[in-house]
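Sequence positions, counted from 1, serve as the residue numbers for this chain.
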Amino acid sequence: MALTLNQILIATIISAAVIFATRAFPFVLFSKKDPPQIIRFIEKYIPPMVMAVLLVYCFKDVNFTAKPFGLSEILALYVTVMLHLWKSNSMISIFGGTIVYMVLIRLI
């Protein structure tokens, strides 16, 4: 079943409105007062917890007892950390570490 142009436009407009509403909701909700304590807790502790989970997930299948002993992963992690400390930009860190990893798994 193919959609008509009107159906596609309506779906796009509704999707855009929902995305806008979900992005604007926190700003509208907390614009006049301080956020609750639970929001401050989440803001402070969730990012490091997510990074720790991602780190464990990324290294869970690495075999450190056989060649190349996880060298690609360790070097890519090092580059990611150094880029983040140097530039303090998550996107540069993520893309830089990913590029280094992709190059190293082809070379090592």
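If you chain together hydrophobic residues whose side chains sit under 4.5 Å apart, Phe25 and Ile39 fall into the same group.
In this structure, a donor-acceptor pair under 3.5 Å is absent between the side chains of Thr4 and Asn6.
Side-chain contact between Phe30 and Pro36 is present, with at least one heavy-atom pair separated by less than 4.5 Å. Within the 4.5 Å cutoff, no side-chain heavy atoms of Phe41 are placed close to those of Ile46. For the pair Ile94 and His84, the minimum side-chain heavy-atom distance is 4.5 Å or more. In this structure, Pro35 and Arg40 have side chains that are in contact, with non-hydrogen atoms separated by less than 4.5 Å. Using a 4.5 Å heavy-atom threshold, the side chains of Val79 and Leu75 count as separate. The side-chain heavy atoms of Met51 and Leu55, taken from C-beta on, include no pair separated by under 4.5 Å. Considering only heavy atoms from C-beta on, Ile74 comes within 4.5 Å of Phe64 through its side chain.
Closest of all the heavy-atom pairs between Pro47 and Ile42 is CD-O, 3.6 Å.
For CD of Gln37, the number of neighbouring non-hydrogen atoms (other residues, nucleotides, ligands) closer than 6.0 Å is 12 at most. Counting heavy atoms of neighbouring residues, nucleotides and ligands inside a 6.0 Å radius, atom OH of Tyr78 does not exceed 12 of them. No more than 12 heavy-atom neighbours from other residues, nucleotides or ligands sit within 6.0 angstrom of CE on Met102.
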